[in-house]
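By convention in this document, chain letters (A, B, ...) are assigned in the order of the sequence lines, proteins followed by strands, and residues within each chain are numbered from 1. Keep in mind the model is a prediction, meaning the values are calculated, not measured.
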Amino acid sequence: MRIEITRIEEILEPARRRLIWSSLFVALLVNVLPWHGWALNLRPDLVAVVLLHWCIREPLKIGFGAAWVAALFMDVAEGSLLGQHAMAYVILVYLALLLSRRLQMFDVRFQVLHILPILVLSQLVILVVRLVSGADFPGWTFFLPCVTGAAIWPVVYMSLEIPRRSRRSFDRE
Amino acid sequence: MTQSIDTQAPPFFRRGSALLVRLALFSLLSCGLLISDSHFRHLESIRNIVSVALYPLQRLTSISGIVSSSINAAVETHAQLRRENTELKEENALTSQITQQAQALQSENSRLRELLKLQGQSPIKSTAAEILYTARDVFTQKIVVGKGSHQGILPGQAVVDNIGLIGQVNRVHWLSSEINLISDKDQVVPVQVVRTGLRGVLFGTGQKDFMELRFQPANIDIQSGDMLVTSGIDGNYPMGLPVALVRTIERNAAYAFARILCAPAAGVNHYSQVLILSFVRETPPNTLEADSKSKKKSERHR
């Protein structure tokens, strides 16, 4: 059996904690931007996407604790039930940590196929929590943020790797 | 020289406790948060602390709005500005006339109330607040504004824009507060039809474009286009704020009540500044409650 190496993995500098936290901060900032009209239904949960990225790329440096704190901030920012995002992000982080080795083998395009179901599942957790606490089903547009979240995955993936490229690899190019 | 390979990972590959254990631990913690928040409301202090930490972030996001509006201002042409200026002047002339009439009416009203020995209407204080963002939660209709308990905002106060009522202050943090829009599913506004004086209760539906006037008989005198204003009965909202316009009326003999759908009068979705009204009305004590309490007391004495 021959294993074909389709792409040469670039060696990146290890992510600094500062980078991880500041990227989460920027994601939170984008999430609370004043959106209007139809964009309100489409806007992806950037915090979830960034969390996914770090859990897959640096599973040793980030985990449930960071996700939980980020979720607390999301809940307060949105005025939703405290713990609703925590529940969703905990599931999300679990799946990402479980699949991190496997996902690193894939190309970005194929990673999207994994990201979408993970995002849908975490959104489903939010839906279940709210339905149990007595809300109405808000319609299928509720799942649109998962699709847009998966769509921006390649962009997030690439842009979070830029600061980790070492100077030497830039010189080689 | 062969060495048996240890099946256990060497210590430098260990990843803390097992993944499943951590999953269980953190989901239990989240469940605890959910239950204590939804049933007991113990966590308002945590919410407050986090909201103060969030405040700089919220301020930062409102900068984006300022940037976009300044770009708009730079792009706007001279002709546009002049047209807008003339429009505003016309509007100003019209409103100043109305204000003069209103002043005369108000003094007349207060005199009449004095003559009839009715309770005078207390003055309404208003605080202008800037909308920071629309909450992302699709299950509720909420906006977040940049004034909080530090500026004297209290839960339950009415929130209006330049046209009419848009909502009610729900949760107050130190520097910001959440406002439930009148179209929120849990929001109820006591209203009055301007044309007929009929009182009713307007329910939000969770959809931003319409609300429902419930529990009105099928033969009610109402037309599409009727204006609904706050009746002021509950003591939460001042009297006479425009709330909604009647859109469609379905009278079905099979049901006891008519289905009356209304559209919000104020721009529930497009504004950037709102006014929060602080309004204190001394309501007489609830006689029913007082009666039942005194009954219980007398029963105990027996």
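For Arg171(B), the part lying under 4.5 angstrom from a heavy atom of chain A is the side chain only. With a 4.5 angstrom heavy-atom cutoff, Ser133(A) does not touch chain B via any of its atoms. For chain B, the nearby part of Val129(A) is the side chain; its heavy atoms alone come within less than 4.5 Å. Looking at Phe142(A), only its side chain comes within 4.5 Å of chain B, counting heavy atoms on both sides. Both the backbone and the side chain of Ser38(B) come within contact range of chain A, each with at least one heavy atom under 4.5 Å from a heavy atom of that chain. Of the two parts of Val144(B), only the side chain, counted from C-beta on, holds a non-hydrogen atom closer than 4.5 Å to a non-hydrogen atom of chain A. Proximity to chain B involves both the backbone and the side chain of Asn31(A), based on heavy atoms less than 4.5 angstrom apart.
In terms of heavy-atom pairs under 4.5 Å with chain B, the best-connected choice from Val76(A), Leu28(A), Leu82(A), Asp75(A) is Leu82(A). When the candidates Leu34(B), Ile35(B), Asn48(B), Ile46(B) are compared by the number of heavy-atom contacts under 4.5 Å with chain A, Leu34(B) comes out ahead. Among Leu57(B), Leu29(B), Leu60(B), the residue with the largest count of heavy-atom pairs under 4.5 Å with chain A is Leu57(B). Ranked by non-hydrogen atom pairs under 4.5 Å with chain B, the options Ala71(A), Pro145(A), Pro138(A) are led by Pro138(A). Contact tally against chain B (heavy-atom pairs below 4.5 Å) for Gly79(A), Ala135(A), Gly63(A), Ala67(A): the top residue is Gly79(A). Taking chain B as the reference chain and counting heavy-atom pairs below 4.5 Å, the highest number among Thr141(A), Ile91(A), Val90(A), Leu127(A) is found for Val90(A).
Ring planes of Trp153(A) and Tyr157(A): tilted class, angle from 30 to 60°.
Judged by the 6.0 Å distance and 45° axis criteria, Arg214(B) is positioned over the aromatic ring of Phe203(B).
Enclosure of atom CZ in Arg247(B) is not indicated, since only 12 or fewer non-hydrogen atoms of other residues, nucleotides or ligands lie within 6.0 angstrom. Enclosure of atom CZ in Phe110(A) is not indicated, since only 12 or fewer non-hydrogen atoms of other residues, nucleotides or ligands lie within 6.0 angstrom.
Residues Asp45(A) and Leu119(A) are not in side-chain contact: their nearest non-hydrogen atoms beyond the backbone lie 4.5 Å or more apart.
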Please assess Trp68(A) against Phe64(A) for the test ring-ring contact (aromatic ring centres under 6.0 Å, His included), listing each intermediate value before the final yes or no. CA-CA 6 Å; Trp68(A) 211 73; Phe64(A) 289 98; over 10 Å; no

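We find that Glu130(B) and Arg59(B) are joined by a salt bridge, their nearest charged nitrogen and carboxylate oxygen being less than 4.0 Å apart.
Judged by distance alone, with hydrogens and angles left aside, the side-chain atoms of Gln104(A) form a donor-acceptor pair with the main-chain N or O of Ile56(A) at under 3.5 Å. Side-chain N or O atoms of Asp161(B) include one that pairs as donor or acceptor with a backbone N or O of Gly164(B) at under 3.5 Å.
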